[in-house]
There are 2 protein chains.
Amino acid sequence: MIDTKKITARGRPRSFDRDKALATAQRLFHQKGYDALSVADLTAAIGINPPSFYAAFGSKAALYAEALWLYEANEGLDVATALAPEIPLGQGVAAIFKQAADAYASGDARGCMVIEGARGTVDPEAGAVARSRMEASRSFIRDKIAARDLPQAEILADYIMMALAGLSSSAKNGLPTQRLRTLAAMAADGVTQHIEEA
Amino acid sequence: MIDTKKITARGRPRSFDRDKALATAQRLFHQKGYDALSVADLTAAIGINPPSFYAAFGSKAALYAEALWLYEANEGLDVATALAPEIPLGQGVAAIFKQAADAYASGDARGCMVIEGARGTVDPEAGAVARSRMEASRSFIRDKIAARDLPQAEILADYIMMALAGLSSSAKNGLPTQRLRTLAAMAADGVTQHIEEA
DNA sequence: TTTTTTTTGTATCAATCACTACATAAATCC
DNA sequence: GGATTTATGTAGTGATTGATACAAAAAAAA
């Protein structure tokens with residue numbers, strides 16, 4: 001495979017910062033959702049015209065996919081640390097829920113961008129992308145639990161995803177951080193109880 | 001031709017059954033969501049033309065409000081019975097969650113029409129209607145709990161709404177009934193634990 | 001300079017959205 | 001019967017959607 005990385009750019013240089021535009025798009029997608037945010041909104045926020053938009057990002061859905069990836073990299077929950085083998089599972093799950101409570105209620109874009117995008121998005125392509133990322137998260141969590149030789153990895157992963165969806169929903173409904181944290185602690189009790197019973 | 005509701009109707013009689021059309025609309029709104037369902041879809045499904053649609057229902061948003069009301073009347077959870085004073089609270093909440101697990105995974109329209117509508121709807125008017133109904137449900141639940149002289153009525157109501165949102169989300173993601181029931185039972189544990197701690 | 005390559009701004013495109021103007025059809029009231 | 005009232009079908013409204021055609025502009029390469 002030949003390196004296709006351009007060392008020197010040919011042609012007219014881009015007049016805007018692509019990474020900055022992507023960050024702007026990610027924030028707006030998170031705030032308003034895919035369907036409620038038009039390409040006209042995006043180009044206006046970035047400060048470019050439609051042809052520049054499509055030349056740089058391909059399509060609205062492709063930009064959304066990039067934005068989701070950026071969101072997961074920057075604001076995603078640290079599941080790997082929370083579910084590390086040396087930490088008791090109940091404690092790890094509680095840590096995840098607490099992280100979620102803090103993250104989902106912070107800033108102007110409330111809720112989880114992936115979870116909300118997977119559910120509410122009308123556009124089929126964008127919805128499929130978000131659902132794919134959500135399923136990837138579920139698989140990651142399930143594998144982390146299964147590594148403990150626990151037979152309930154599947155249902156526990158389902159429960160965690162359910163609780164995160166509930167927390168995201170409550171956050172979007174405007175619940176303050178402190179109240180979300182209480183809900184997170186209560187939801188974590190459902191896990192500890194289920195492990196003890198087994 | 002078909003329908004003569006009022007025997008003493010004045011002008012040309014309506015050629016379709018309004019109640020049947022409303023039921024059709026309710027099912028479609030629940031299946032596809034408000035934004036993904038166009039007026040053209042609705043008129044095609046009912047078998048009428050746009051003028052008849054608007055003469056009968058006023059607007060798409062007004063029909064959605066009627067559909068939400070019909071949904072709550074026909075498929076709403078029986079919270080009043082579950083949270084009756086003579087039933088232990090933990091048991092009542094578990095009953096609500098089990099009801100939700102069964103209802104949200106049944107048929108072709110998965111999830112709760114109110115919860116999903118309150119969150120994902122882009123249209124401001126329709127979203128506000130759904131959110132209003134959801135807030136009414138929360139208040140009803142809170143009052144039922146507060147009637148037991150429990151100081152945690154607010155947070156418990158928040159927790160129930162959070163769990164219902166999570167169950168609705170998981171149901172829309174395709175989880176089968178049996179798995180949803182297990183999640184419902186786990187979520188109910190979070191309540192019993194919280195009551196015992198107080 | 002001349003050529004080549006890429007981005008830019010202007011000005012759209014066709015499709016879809018919720019919604020209606022209008023004339024006709026079908027009923028009751030006088 | 002004629003007048004009145006309501007619903008219907010045809011056809012189309014303006015607005016908005018995501019995405020483009022086109023030619024000028026701006027850079028490197030020849």
Side-chain angles (χ1 to χ4, degrees), chain A residues 4-22 25 28-29 32-67 117 120-129, chain B residues 1-22 25 28-29 32-67 120-129:
Chain A
T4 58
K5 190 175 182 179
K6 298 181 201 167
I7 300 173
T8 56
R10 239 340 255 270
R12 178 172 178 172
R14 188 173 279 136
S15 67
F16 63 99
D17 187 330
R18 193 187 187 278
D19 291 335
K20 210 158 139 186
L22 173 58
L28 290 175
F29 274 133
K32 311 186 74 175
Y34 183 87
D35 299 301
L37 185 67
S38 68
V39 174
D41 294 332
L42 282 165
T43 53
I46 299 173
I48 59 176
N49 294 110
S52 300
F53 176 88
Y54 286 97
F57 301 110
S59 70
K60 184 189 176 188
L63 171 59
Y64 180 68
E66 279 196 64
T121 305
V122 173
D123 182 274
E125 188 178 351
V129 170
Chain B
M1 229 197 274
I2 298 176
D3 183 302
T4 46
K5 197 130 206 179
K6 294 180 181 177
I7 306 292
T8 58
R10 198 44 210 279
R12 177 173 177 172
R14 187 173 280 135
S15 68
F16 64 98
D17 188 330
R18 191 186 188 278
D19 292 335
K20 211 158 142 186
L22 173 58
L28 290 176
F29 273 132
K32 311 187 75 176
Y34 183 87
D35 298 301
L37 185 68
S38 68
V39 173
D41 293 333
L42 281 165
T43 54
I46 299 173
I48 59 177
N49 295 109
S52 300
F53 175 89
Y54 286 97
F57 301 110
S59 71
K60 185 189 177 188
L63 171 59
Y64 180 67
E66 278 195 63
T121 305
V122 174
D123 182 274
E125 187 179 351
V129 170

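Quick caveat, the model's predicted, so the values are computed rather than measured. Order of the sequence lines fixes the chain letters, A, B, ..., with proteins taken first and strands second; residue numbering starts at 1 for each chain.
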## Note on the structure
For C:dT3, the nucleotide meeting Watson-Crick or G-U wobble distances (both under 3.5 Å) is D:dA28

### Query
Among the nucleotides D:dA7, C:dA18, D:dT20, which one has an atom lying closest to any side-chain atom of B:Y54?
C:dA18

### Task
Send over the distance from B:I48 CD1 to C:dC19 P, rounded to a whole Å.
14 Å

### Message
With a 3.5 Å distance limit and no angle check, can you tell me whether B:Y34 reaches the backbone of B:G120 through a side-chain donor-acceptor pair?
### Response
no

#### Entry: Sequence-aligned protein contact record of nucleotides 21-30 of chain D, with B where the base is within under 4.0 Å of a protein heavy atom and S where only the sugar-phosphate is
B---BBBBS-

### Task
Figure out the NZ/C1' separation between B:K32 and C:dC17, and round it to whole Å.
14 Å

### Sub-4.5 Å side-chain heavy-atom contact between A:D35 and B:D35
no

### Summary
By ring pair (Phe, Tyr, Trp, His ring centres under 6.0 Å), B:Y54 pairs with (sequence neighbours left out) none

### Query
Closest approach of A:L37 and A:L28, non-hydrogen atoms and distance?
CD2-CB, 3.6 Å

### Query
Counting only non-hydrogen atoms, which of residues 55-64 of chain B are less than 4.0 Å from DNA chain D?
none

### Message
Please confirm whether the shortest side-chain N or O distance from A:S15 to OP1 or OP2 of C:dT8 is below 4.0 Å.
### Response
yes

### Summary
In terms of heavy-atom contacts, A:A126 and A:T121 come closest through CB-CG2, 3.8 Å

### Query
Roughly how many Å is it from CZ in B:F53 to C1' in D:dA7, rounded to a whole number?
16 Å

### Message
Expressed as a whole number of angstroms, how long is the span from B:N49:CG to C:dC19:P?
### Response
16 Å

### Message
Can you give me the closest heavy-atom contact between A:A67 and A:L22, atom names plus distance?
### Response
N-CD1, 3.9 Å

### Task
Take B:V122 and A:V122 through the side-chain contact (heavy atoms from CB on, under 4.5 Å) test and state the conclusion after the steps.
CA-CA 9 Å; B:V122 174; A:V122 173; 5.6 Å; no

### Message
Using a 4.0 Å cut-off on heavy atoms, which residues in residues 35-46 of chain B reach DNA chain C? List them by number, or say none.
### Response
B:L37, B:S38, B:V39

### Closest-nucleotide 5' rank along DNA chain D - winner of A:Y34 and B:G47
B:G47

### Task
Quick one: which residue pairs count as a side-chain hydrogen bond (donor to acceptor under 3.5 Å, both in side chains) with a foot in residues 56-66 of chain A, not counting sequence neighbours?
A:R18-A:E66

#### Entry: Qualifying side-chain hydrogen bond (donor to acceptor under 3.5 Å, both in side chains) pairs, either residue in residues 36-50 of chain A, two or more places apart
A:S38-A:D41

### Task
Starting at atom CZ of B:F16, determine the distance to atom P of C:dA26, rounded to an integer number of angstrom.
17 Å

